[in-house]
Visitor: 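Sharing a structure, written as structure tokens. Questions coming.
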Amino acid sequence: MAYEEYGDGPHAVIALHGWFGSAAAWRPLRPHLDGARFRYVFPDYRGYGSRLEESGDYSLKEAAADVLGLADRLGLERFSLVGHSMGGAVMQRVLADAPHRVRAMVGISPVPASGVPFDDQGWALFSGAAEERANRRAIIDLTTGNRLSGVWLDAVVSQSWRHSTPDAVAGYLQAWAKTDFHTEIKGSTVEVKVIVGEHDPALGADVMEATFRLWYPRCEVEVLSNAGHYAIDETPIALATSVEEFLAQR
């Protein structure tokens, strides 16, 4: 099974996980979702979760094609997309490839369609995360504002380590950091909400104003209090409320 599901409502939502995530990473949010109004589908990418043994080229195009293939199998002609971090880039790639199928989009600390620039030190830290647990821990700590407990950091690292392969982590880093396709989505009239944590130094409001807000005429940006890059874990009730209030009107 390459995905998890929650709810059976009429509004289909495909939720795309981040670089250190998997379909299972959405579970803290699920108790706070409205399953009567929405049908949530949580896929795994190749090399993650239930697809650990499935290889690929780990590109955004491939991930988006897999999402569209899953939507076809589930009979979802139109759907909304929610993307966390790297999932925000995959979400936009789906839009670029099948704009007529996307109802609305919500990005949670999403990677822009232009990729993410790194200096040499930052690239060494992130590229080393494929093989080093310590690098993953340092990245998670950094992107949540160096303010959360070591117990939580270790739990996120352990989940990431169990639910991903080194090849997938290395390959998808190249995909989300180095791929620039923003000219393909610029000017899209799809309605977009971007939610960022106040303690995320990497993908905060300034980055969203310089990317998403410039490219999508119908985009709004919200800053969540008491959250960093992992609002799914840090503030699940506030996040679920924000996501569903937006999608319910689309």
Side-chain angles (χ1 to χ4, degrees), residues 11 13-19 21 29 60-61 63-64 67 78-119 122 126 139 142-145 172-173 175-232 234-236 238-250:
H11 188 153
V13 181
I14 302 177
L16 304 169
H17 66 78
W19 188 42
L29 204 64
L60 298 181
K61 286 283 285 186
V67 170
R78 291 193 78 231
F79 46 83
S80 292
L81 291 163
V82 176
H84 173 238
S85 193
M86 179 180 82
V90 178
M91 170 181 79
Q92 294 174 88
R93 187 65 253 176
V94 174
L95 175 70
D97 293 341
H100 59 288
R101 300 187 67 175
V102 178
R103 184 168 170 174
M105 299 197 308
V106 179
I108 304 165
S109 299
V111 170
S114 55
V116 177
F118 282 90
D119 59 22
F126 275 69
I139 291 166
L142 171 68
T143 57
T144 51
Y172 283 121
L173 172 62
W176 63 258
K178 303 294 187 180
T179 303
D180 183 352
F181 63 98
H182 81 277
T183 57
E184 296 182 55
I185 53 83
K186 186 177 181 180
S188 169
T189 58
V190 69
E191 292 187 77
V192 182
K193 182 168 189 176
V194 176
I195 304 168
V196 297
E198 65 169 327
H199 298 292
D200 186 347
L203 293 172
D206 289 347
V207 173
M208 302 306 138
E209 292 289 342
T211 55
F212 278 82
R213 285 271 285 172
L214 291 182
W215 303 333
Y216 296 100
R218 305 170 74 188
C219 176
E220 59 184 80
V221 178
E222 178 183 354
V223 179
L224 272 186
S225 299
N226 201 35
H229 191 71
Y230 291 84
I232 297 166
E234 298 170 83
T235 54
L239 179 61
T241 301
S242 179
V243 169
E244 294 196 331
E245 283 182 347
F246 176 78
L247 291 180
Q249 300 175 46
R250 273 77 199 172

Visitor: Keeping His17 on the side-chain end and Ser85 on the backbone end, is there a donor-acceptor pair under 3.5 Å?
Guide: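 Not a single qualifying donor-acceptor pair exists.
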Visitor: Between His182 and Thr211, do the side chains contain a donor N or O and an acceptor N or O under 3.5 Å apart?
Guide: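 Side chains of Thr211 and His182: no pair found under 3.5 Å.
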Visitor: Nearest 0.5 Å, please: how far is CZ in Phe79 from NE2 in His11?
Guide: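 Reported to 0.5 Å precision, the distance equals 10.5 Å.
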Visitor: Which value, rounded to the nearest 0.5 Å, describes the distance between Met208 atom CE and Asp200 atom CG?
Guide: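 If we round to the nearest 0.5 Å, Met208:CE and Asp200:CG are 7.5 Å apart.
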Visitor: Indicate the atoms forming the closest heavy-atom contact of Leu29 with Pro236, along with that distance.
Guide: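 Closest approach of Leu29 to Pro236: CD1-O, 3.3 Å.
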Visitor: Looking only at heavy atoms, what is the nearest atom pair of Leu224 and Ala238, with distance?
Guide: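 In this case the closest contact between Leu224 and Ala238 is CD2-CB, 4.2 Å.
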Visitor: Of all the heavy-atom pairs spanning Ser225 and Thr235, show the shortest one and how long it is.
Guide: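 Smallest heavy-atom distance, with atoms named: O-CG2, 3.7 Å.
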Visitor: Using side chain to side chain contact (heavy atoms under 4.5 Å, CB included) as the criterion, point out the one residue from Val106, Ile195, Thr241 that pairs with Phe246.
Guide: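 Checked Val106, Ile195, Thr241 against Phe246; only one passes side chain to side chain contact (heavy atoms under 4.5 Å, CB included): Val106.
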Visitor: Indicate the atoms forming the closest heavy-atom contact of Thr179 with Ala175, along with that distance.
Guide: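 Nearest heavy atoms, Thr179 then Ala175: OG1-O, 2.6 Å.
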Visitor: Just by distance, do the side chain of Arg250 and the backbone of Arg103 share a donor-acceptor pair under 3.5 Å?
Guide: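 Pair absent, no side-chain N/O of Arg250 close to backbone of Arg103.
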Visitor: For the NE2 atom of His229 and the CG atom of Leu142, what is their distance to the nearest 0.5 Å?
Guide: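 It comes to 10.5 Å.
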Visitor: Within the side chain of Arg218, is there an N or O that forms a donor-acceptor pair under 3.5 Å with the backbone of Thr189?
Guide: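 Yes: the side chain of Arg218 pairs with the backbone of Thr189.
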Visitor: Nearest 0.5 Å please: distance from the CZ atom of Phe181 over to the NZ atom of Lys61.
Guide: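 Atom-to-atom, Phe181:CZ and Lys61:NZ are 9.5 Å apart.
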Visitor: So does Asp180 have more than 12 non-hydrogen atoms from other groups sitting under 6.0 Å from CG?
Guide: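 It does: Asp180 CG has more than 12 such atoms within range.
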Visitor: Going by atom types alone, do Lys193 and Ser242 pair a side-chain donor with an acceptor below 3.5 Å?
Guide: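 Yes, a side-chain donor-acceptor pair sits under 3.5 Å.
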Visitor: If you count every heavy atom of other residues, nucleotides or ligands that lies below 6.0 Å from Lys178 atom NZ, does the total exceed 12?
Guide: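 Atom NZ in Lys178 is crowded, with more than 12 foreign heavy atoms closer than 6.0 Å.
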Visitor: Measure from the side-chain N and O atoms of Glu234 to the backbone N and O of Tyr230, and report whether any donor-acceptor pair falls under 3.5 Å.
Guide: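 Checking the backbone N and O of Tyr230 against the side chain of Glu234, a donor-acceptor pair under 3.5 Å is found.
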Visitor: Would you call the rings of Trp176 and Phe126 parallel, tilted or perpendicular, where under 30° means parallel and over 60° means perpendicular?
Guide: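 Trp176 vs Phe126 ring planes: perpendicular.
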Visitor: Just by distance, do the side chain of Glu198 and the backbone of Asn226 share a donor-acceptor pair under 3.5 Å?
Guide: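 Here the side-chain-to-backbone pair exists.
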Visitor: Restricting to non-hydrogen atoms, name the atom on Gly197 and the atom on Ser109 that form the minimum distance, rounded to 0.1 Å.
Guide: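 Heavy atoms of Gly197 and Ser109 come nearest at N-OG, 4.1 Å.
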Visitor: Hey, could you give me the CD1/CG distance between Ile108 and Leu239, rounded to the nearest 0.5 Å?
Guide: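 Reported to 0.5 Å precision, the distance equals 4.5 Å.
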Visitor: Measure the spacing between CE of Met86 and CG of Leu16 and express it to the nearest 0.5 Å.
Guide: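 Those atoms lie 9.0 Å apart.
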Visitor: Pro112 and Phe212: which non-hydrogen atoms are nearest, and at how many Å?
Guide: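 Heavy-atom minimum between the residues: CA-CE1, 3.8 Å.
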Visitor: Given side-chain contact (heavy atoms from CB on, under 4.5 Å), test Glu220 with Glu191 step by step and report yes or no.
Guide: CA-CA 8 Å; Glu220 59 184 80; Glu191 292 187 77; over 6 Å; no
Visitor: Is the shortest heavy-atom distance from the side chain of Ile139 to the side chain of Trp19 under 4.5 Å?
Guide: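 Counting from C-beta outward, Ile139 and Trp19 do come under 4.5 Å.
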Visitor: Using the side-chain contact (heavy atoms from CB on, under 4.5 Å) rule, take Trp215 and Ile185 through it: C-alpha gap first, then chi angles, then the decisive distance, then the call.
Guide: CA-CA 7 Å; Trp215 303 333; Ile185 53 83; 3.7 Å; yes
Visitor: I would like to know whether Leu203 and Val196 meet side-chain contact (heavy atoms from CB on, under 4.5 Å); could you show each step before the answer?
Guide: CA-CA 7 Å; Leu203 293 172; Val196 297; 5.7 Å; no
Visitor: Compare all side-chain heavy atoms of Cys219 with those of Val194 and state whether any distance is below 4.5 angstrom.
Guide: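 Result yes, sub-4.5 Å side-chain heavy-atom pair found.
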